[in-house]
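Report on one structure; see the data block that follows.
In each ligand, atom 1 is the first atom listed, and ligand 1 is the first ligand listed. The analysis underlying the following values was restricted to heavy atoms, covering all of them including side chains, and did not include hydrogens, waters or symmetry mates.
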Amino acid sequence: MLKLEDSYLHKGKRRELIRTLRNKGISNEAILEAINNVPRHFFFDSALLSHAYEDKAFPIGEGQTISQPYTVAFQSELLNVVPGEKVLEIGTGSGYQAGILYCLGAKVHTIEFNKTLYERTKRFLPKIGVKVKHYHGDGSLGLPEQAPFDKIIVTAGAPVVPKTLLLQLKIGGVLVIPVGDRKQQQMLKLTKQTSKKILKETFDNFSFVPLLGDEGWE
Ligand code: SAM
């Protein structure tokens with residue numbers, strides 16, 4: 001059962017988490033503020049509740065995870081959302097990253113492959129005031145019916161950069177995606193400078209669950 005109570009203890013733990021994220025190099029105040037405003041423990045099963053403010057990934061069922069707060073903050077910094085931008089998130093999972101993007105003022109479209117997680121998160125996010133558009137399907141192919149997007153964030157590890165995601169970006173748009181093998185991926189930021197020119201920037205390694213589907217692992 002989810003506990004939708006945000007106590008002084010939880011708020012204190014969030015402030016501590018924010019100090020940890022600052023120490024690890026996260027400096028975007030809007031992102032730190034969003035992390036302060038979205039109670040991460042709401043996204044946890046009661047058995048794991050006491051771990052909600054550790055800077056770690058945790059299971060959310062269906063063999064999937066809620067990303068580590070540092071990873072959420074790092075990807076959000078690279079994405080650099082401007083309020084009002086149309087953002088596609090691939091891999092809804094628990095809905096936590098979607099909640100952070102919503103707090104940053106994005107118009108969020110989020111797609112999840114796993115039907116159980118899709119249904120659960122679609123029911124849950126409105127209960128905590130997070131309004132985003134949910135889709136069930138293979139996000140490795142993007143979301144052509146809603147394209148183009150200002151920004152696309154992939155929250156599962158991809159074997160390659162799916163070309164179709166680049167096609168679904170506006171000119172000037174940004175794709176943030178971890179790419180590598182099944183165990184470790186390098187974070188990439190791809191900026192679509194013109195329809196033919198992509199600026200690729202590379203960052204640290206991370207460890208995500210695999211991106212499935214046609215342009216994913218299977
Ligand atoms: N963003 C999530 C959060 O805040 O909880 C964490 C996502 S979890 C690390 C990765 C998610 O990507 C899983 O829920 C998984 O089912 C989903 N996924 C994997 N392949 C996918 C695909 N092709 N399309 C959409 N979702 C996919």
Note every protein N or O atom lying under 3.5 Å from an N or O atom of ligand 1, pairing the names and giving the distance.
{"residue": "ligand 1", "atom": "1 (N)", "partner": "E89", "partner atom": "OE2", "Å": "2.9"}
{"residue": "ligand 1", "atom": "1 (N)", "partner": "G91", "partner atom": "O", "Å": "2.9"}
{"residue": "ligand 1", "atom": "1 (N)", "partner": "T155", "partner atom": "OG1", "Å": "3.2"}
{"residue": "ligand 1", "atom": "4 (O)", "partner": "Q97", "partner atom": "N", "Å": "2.9"}
{"residue": "ligand 1", "atom": "5 (O)", "partner": "S94", "partner atom": "N", "Å": "3.0"}
{"residue": "ligand 1", "atom": "5 (O)", "partner": "S94", "partner atom": "OG", "Å": "2.6"}
{"residue": "ligand 1", "atom": "14 (O)", "partner": "E112", "partner atom": "OE1", "Å": "2.8"}
{"residue": "ligand 1", "atom": "14 (O)", "partner": "E112", "partner atom": "OE2", "Å": "3.3"}
{"residue": "ligand 1", "atom": "16 (O)", "partner": "E112", "partner atom": "OE2", "Å": "2.5"}
{"residue": "ligand 1", "atom": "20 (N)", "partner": "L212", "partner atom": "N", "Å": "2.9"}
{"residue": "ligand 1", "atom": "23 (N)", "partner": "D138", "partner atom": "OD1", "Å": "2.9"}
{"residue": "ligand 1", "atom": "23 (N)", "partner": "L212", "partner atom": "O", "Å": "2.7"}
{"residue": "ligand 1", "atom": "24 (N)", "partner": "G139", "partner atom": "N", "Å": "2.8"}
{"residue": "ligand 1", "atom": "26 (N)", "partner": "F113", "partner atom": "N", "Å": "3.2"}

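- Ion pairing of D55 with K24 is present here, as a side-chain N (NZ or NE/NH1/NH2) and a carboxylate O approach within less than 4.0 Å.
- At a cut-off of 3.5 Å, with distance as the only test, a side-chain donor of E62 or N114 sits close to an acceptor on the other residue.
- With no hydrogens or angles considered, a side-chain donor-acceptor pair links Y53 and R14 at under 3.5 Å.
- With sequence neighbours left out, D214 forms a side-chain contact (heavy atoms from CB on, under 4.5 Å) with D138, S140, L141.
- A salt bridge is defined here as a Lys NZ or Arg NE, NH1 or NH2 lying under 4.0 Å from an Asp or Glu carboxylate O, and D150 with K86 fails to meet this definition.
- Checked against the 6.0 Å centroid threshold, Y135 and Y118 do not count as a close aromatic pair.
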